[in-house]
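Quick caveat, the model's predicted, so the values are computed rather than measured.
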Amino acid sequence: MKKSTGSIDKEVGSRVRMRRVSIGMSQEKLGDMLGLTFQQVQKYEKGMNRISVARLIEITKILGVDVHFFLDGVTSTKPAPGFAEESPPTYVADMMATPEGLQLVRHFARIKNPKVRKSIVQLVASVAAEDDTERSS
């Protein structure tokens, strides 16, 4: 029986992609460092293929993050009895799927001054609130 991938595989894959893009690494470069083709990296990032624990540990070392980066907030698709099912937020993956989102993250990551970063977050929040107001009018 063939094991299929699910929402957890897609979430972990999207976080791999988000981190890879945020540090400016290509799929080809990550693949080379893992001994894989860029197509295999694509399949991981899209959640089409599962990432083994051993492979995930390799990826964490290459991308310079802790394994929690990929797993925090990821929930099982089968909730325990008596608990409501929660799905992980998809807004980050949705944003990272757009060229503008990728550019925003790439440029934002280069800003080192915490005050400037905070000001940019406040600006974006203000613009988003204004956009919400215009839509509801």
Side-chain angles (χ1 to χ4, degrees):
M1 189 160 78
K2 185 178 186 284
K3 292 181 182 178
S4 64
T5 60
S7 62
I8 293 173
D9 301 298
K10 288 183 175 99
E11 179 65 23
V12 171
S14 74
R15 291 179 186 194
V16 169
R17 180 175 193 270
M18 177 177 62
R19 176 61 183 166
R20 177 185 60 76
V21 168
S22 73
I23 64 171
M25 182 181 287
S26 69
Q27 287 178 332
E28 187 174 15
K29 171 116 173 147
L30 179 56
D32 286 346
M33 295 177 85
L34 292 168
L36 303 170
T37 64
F38 80 90
Q39 291 96 336
Q40 183 62 45
V41 172
Q42 263 181 348
K43 289 179 180 181
Y44 283 155
E45 290 181 354
K46 291 180 180 180
M48 294 169 62
N49 285 2
R50 285 205 168 133
I51 303 173
S52 71
V53 172
R55 179 74 72 199
L56 190 60
I57 298 299
E58 284 182 81
I59 292 170
T60 64
K61 290 175 183 175
I62 292 168
L63 299 181
V65 291
D66 188 78
V67 72
H68 292 97
F69 177 86
F70 299 111
L71 303 175
D72 278 352
V74 174
T75 59
S76 171
T77 55
K78 296 177 186 172
F83 290 92
E85 184 175 340
E86 290 184 34
S87 59
T90 59
Y91 60 88
V92 173
D94 291 345
M95 183 191 81
M96 293 301 292
T98 68
E100 298 84 7
L102 293 172
Q103 288 177 346
L104 182 64
V105 169
R106 188 175 292 132
H107 295 304
F108 187 82
R110 292 177 36 212
I111 300 169
K112 303 299 179 218
N113 186 323
K115 289 180 181 178
V116 173
R117 291 173 74 114
K118 185 174 182 176
S119 295
I120 291 169
V121 170
Q122 290 171 339
L123 171 67
V124 172
S126 175
V127 170
E130 192 174 300
D131 189 51
D132 287 343
T133 303
E134 288 176 8
R135 284 189 209 186
S136 64
S137 300

Would a hydrophobic clustering, with Ile, Leu, Val, Met, Phe, Trp and Tyr connected at side-chain separations under 4.5 Å, put [X] with [Y]?
X	Y	answer
F38	L30	no
V116	L104	no
F69	F108	no

Nearest heavy atoms of [X] and [Y], plus distance in Å:
X	Y	result
L56	I51	N-CG2, 3.6 Å
R20	M25	NH1-O, 2.8 Å
I23	L63	CD1-CD2, 3.8 Å
V105	S22	CG1-CB, 3.6 Å

Once you round to the nearest 0.5 Å, how far does [atom1] of [X] lie from [atom2] of [Y]?
X	Y	atom1	atom2	result
E11	M18	CD	CE	8.0 Å
I59	L36	CD1	CG	8.0 Å
T60	H68	OG1	NE2	11.0 Å
Y44	Q27	OH	CD	13.0 Å
R106	R110	CZ	CZ	9.5 Å

>> Apply side-chain contact (heavy atoms from CB on, under 4.5 Å) to residues Q40 and T37 and explain how you reach the verdict.
In response: CA-CA 5 Å; Q40 183 62 45; T37 64; 3.8 Å; yes
>> With a 3.5 Å distance limit and no angle check, can you tell me whether R19 reaches the backbone of F70 through a side-chain donor-acceptor pair?
In response: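 The answer is no, because no donor-acceptor pair under 3.5 Å joins these two groups.
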>> Donor-acceptor pair, distance only, cut-off 3.5 Å: does the side chain of S119 make one with the backbone of K115?
In response: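 Judged by distance alone, yes, a pair lies under 3.5 Å.
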>> Quick check on Q39: does its CD atom have over 12 non-hydrogen neighbours (other residues, nucleotides or ligands) under 6.0 Å away?
In response: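 It does: Q39 CD has more than 12 such atoms within range.
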>> Would you say that E45 contacts Q42 through its side chain, given a criterion of any heavy-atom pair below 4.5 Å between the two side chains?
In response: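 Of all side-chain heavy-atom pairs linking Q42 with E45, none is under 4.5 Å.
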> Can you find a pair of side-chain heavy atoms, one from L71 and one from V12, that are under 4.5 Å apart?
Replying inline: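 Of all side-chain heavy-atom pairs linking V12 with L71, at least one is under 4.5 Å.
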> Taking it one step at a time, do E58 and R55 satisfy salt bridge (charged side-chain N to carboxylate O under 4.0 Å, His left out)?
Replying inline: CA-CA 5 Å; E58 284 182 81; R55 179 74 72 199; 3.3 Å; yes
> Yes or no on side-chain contact (heavy atoms from CB on, under 4.5 Å) for I57 and K61, after CA distance, side-chain angles and deciding distance?
Replying inline: CA-CA 6 Å; I57 298 299; K61 290 175 183 175; 4.0 Å; yes
